[in-house]
Each structure stands twice: as C-alpha cells, then as structure tokens.
Number of protein chains: 2
Amino acid sequence: MLNLLGEHHCKLDPKGPLLFPGKLRKQLEHHVHHGLVVNRDIFSKCLVIYPKPEWDKVNEEMSRLSRYNQKHQLFQRKFMKGATLIELDSNGRLLLPSALLEYAEIDIDENNECVITGLGEKMELWSSKNHDEVILDEDFDFGSLAEDVRKDIERNAQNQ
Amino acid sequence: MLNLLGEHHCKLDPKGPLLFPGKLRKQLEHHVHHGLVVNRDIFSKCLVIYPKPEWDKVNEEMSRLSRYNQKHQLFQRKFMKGATLIELDSNGRLLLPSALLEYAEIDIDENNECVITGLGEKMELWSSKNHDEVILDEDFDFGSLAEDVRKDIERNAQNQ
DNA sequence: TTATTAAAAAGTGGCGAAAAATGGTTGCGG
DNA sequence: CCGCAACCATTTTTCGCCACTTTTTAATAA
C-alpha cells in the first residue's frame, strides 16, 4: 500500500513553473512513470496530486454516477474539472498548469515558495503562506472534529 | 506486543539536527529496521514517534475515510500532515526534519536538550523546557481527568 | 570491598559522494 | 519571428558514512 510521507519545502523554478522534491520521487519509484494527476482540492485553496493508479480509482468511482442525474453531473464536473496528467521532465521537475497554480495562490514570479505534503495515497501542494496558516491554526478544535469523524465511521460500520 | 518505556534525556547533535534514543533502541530491536515515523502531536507542542508497523495501522485507518467528505479530509490532513519516515543512520542517530523540531520548540543551536518518553506503542519527543512545564504542572487535576476517561471506557464497552 | 583495566557504547568531527539548485542552449510550435 | 518548454552542463549544498575520542560499565584481582 502506498504511503507517501513527509513535508517538503520547495521552490518554483523562477524560469518556468517547474519543481519537485526528490524524497517523494523515491517514494513514488514504481508509480511515477505512469505520471501524476494534479487537480484543485474541492475544499481548500490547494492542489491535490495523485499517482496515476490512485486517480484511476477516482475515475472509476466517478463512472458509477448517473449520466442523467443533474446533481451527479454537477458533482462530477466540480470534482474532475481541471484535472491534468503531468509527467516529470528529465531533471525530475513538474510543469504545473498555470490555472491550477493560480487557484492554489502560488505566485510564479515572487512568493514562489511552496510545500508538498505526503498524505498516504496522495499529496497536497500548498503555497507556503496558506500552509503556515493551516499548521499554525491554534484555535482549531481537533477534539470535536475527531469525534464527528469517529461517529461517521461507526455509522458506516453499522450499515455494513 | 510492543511496550516502550522510560524517560530518556538526550541532546541534539550540534552539527545537524541529529539525535538518538539509546536504551529505547534496544527495546525497539526488531522493529527499528523498518524505520520510524515522526509527526506533530495534535494537541501539544511535541512530536510523536511511531515504529513503522504501528504507523501502518494509522495509515490503513486513514485510507477508509471518504475522499468526498470535508470533515474527513480535514481530519486526515490535520493528523497526517508532516508525518515523515526516518531511519537510524549507521551510528544509530535520527535526522529529524527541521520543520517538526521547530513545531516542538526544540532549538537546534542553543537549548538542545530534549526528552523522549516511551508510551507503549509509540514515543513522544519533547523539548526539556516544555516537558518540565507539562510534567511539573502542580495544579493539574488528575482526578477529574481520570474520572472522565473511565466514563469513556465504560461507554465504549457498552456499545460493543 | 575497592581499584584497575578492558571492552563496549556513546559522542564528535571531517570527508566524500550524490542529489538539488542554477544558468544556458536548442528545438518545436504558434 | 517570438515564446515556451525540454534538455544538458556546472556549481553548490546536503547528508550519509567512517574514523577517532571519550565515557561508562563490568569483571577480575588484590
């Protein structure tokens, strides 16, 4: 099972919007030749990067939606719109679509620091600024969030 | 079953942010070659260190969360973000990511004293300063905390 | 019982290989 | 013809390894 880990700080190449940390590349080893799929996160101003095989799962889930249901179609569009298959260049760098960078508030020209974090089967790409805000959110009530999630999981277990 | 114990005081290597347990290594013996996973604690300014097999359980639990549920995603991010796989070097030292050390308020340069405590299946890493403050908190009401926990355990037992 | 010695573990520093950042150049497409 | 992107070469830094010093612990002998 894929278990991407680590918090990697990196810069966008000032020339083109290129990038990519090496330790993640090692963890991806056998998966990376299939390419990566980048997309906007639905909930936060960051990008999600899936190894292609993981994205295939997403795609498979989407294919189960009804073609004739407006809500399903809207959901599919919201979720998949913008997803792009990208591959590493010979230096192990990524060329990210500028529209996606813009969404994640990553500025190509100036504040080009960003953070890639491994989250098991996927990765997230944040601008340094947004990332710090998430990390340093002191008031965040993790306890009650955890409780909500726990209830969901229990309910799920009962339904099965 | 793994049962890590002890309170170990140690120093960071002044060169790089290196460090090492010692007697803990003996307790880890057969687990340590798989590596260790370090992460920020959710509630306190300290780091949590899991033997890899223990972390694998966490990762497996996380993979059951819903990709399309905002709370689940937030939970996963808060919990897993920053988790890093590290291995002991040939001298039995650990190279801890500086971003994590910073979170735990462990200063590489000056006050480089820290404390590692065994907590059964995981360990905690504290700066000496923070550790003292938490441990020596005289006003802490252990009685009512214990009572709350006891209730939780009982309720859990009834639900099963 | 204490002291001395030996062996192992702990702590320190430097060196070298490998990877990552940078800059320049060429080729392709619009 | 211009611009962007892929490729290549060079410099710089990181970090993993190795060798050396110091401390601790244990054992044996006085």
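Reminder, nothing fancy here: chain letters follow the sequence lines and each chain counts from 1.
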Using atom names, set out every protein N or O paired with an N or O of nucleotides 27-30 of chain C below 3.5 Å, distance rounded to 0.1 Å.
none

Task: Value in whole Å for how far the P atom of D:dC4 lies from CD1 of A:I86 - done: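 One finds 19 Å between P of D:dC4 and CD1 of A:I86, rounded.
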
TODO: Write down the distance between CD (A:E87) and P (D:dC7), rounded to a whole number of angstrom.
DONE: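 It is 11 Å, rounded to the nearest whole Å.
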
Could I get the full list of salt bridge (Lys or Arg N to Asp or Glu O under 4.0 Å) partners for [X], not counting sequence neighbours?
{"X": "B:K71", "result": "A:D148"}
{"X": "A:E102", "result": "none"}
{"X": "B:E87", "result": "none"}

Task: A:R40 to A:Y103 six-membered ring, cation-pi geometry met (6.0 Å, 45°) - done: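 Flagged: A:R40 positioned over aromatic ring of A:Y103.
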
- [ ] Check the surroundings of atom OH in A:Y68: do more than 12 heavy atoms from other residues, nucleotides or ligands lie under 6.0 Å from it?
- [x]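 Counting neighbours around OH of A:Y68, 12 or fewer heavy atoms of other residues, nucleotides or ligands fall under 6.0 Å, so no.
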
Please enumerate all protein N or O atoms sitting under 3.5 Å from an N or O of nucleotides 18-22 of chain C, with distances to 0.1 Å.
unit_1, atom_1, unit_2, atom_2, d
C:dA20, OP2, A:R25, NH2, 3.4

Open item on the list: Heavy-atom nearest nucleotide on DNA chain D for B:L95 versus A:L95: which residue maps closer to 5'?
Closed with: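 The residue mapped nearer the 5' terminus is A:L95.
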
Task: 5'-most by nearest nucleotide on DNA chain D - A:S90 or B:L88 - done: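 Checking each residue's closest nucleotide, the 5'-ward one belongs to A:S90.
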
- [ ] With the side chain counted from C-beta on, respond yes when A:T117 and A:M123 share a heavy-atom pair under 4.5 Å apart, and no when they do not.
- [x]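 The answer is no; the side chains never approach within 4.5 Å.
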
- [ ] Report yes if the side chains of A:L125 and A:V115 come closer than 4.5 Å at any heavy-atom pair, otherwise no.
- [x]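 A side-chain contact is absent here, since even the closest heavy-atom pair is not under 4.5 Å.
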
- [ ] Hey, could you give me each pair passing side chain to side chain donor-acceptor pair (under 3.5 Å) that has a residue in residues 42-57 of chain A? Not counting sequence neighbours.
- [x]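 As it turns out, the side chain to side chain donor-acceptor pair (under 3.5 Å) pairs with a partner in residues 42-57 of chain A, which skip direct neighbours, are A:S44-B:R77, A:K52-A:D56, A:E54-A:K57, A:E54-B:R67.
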
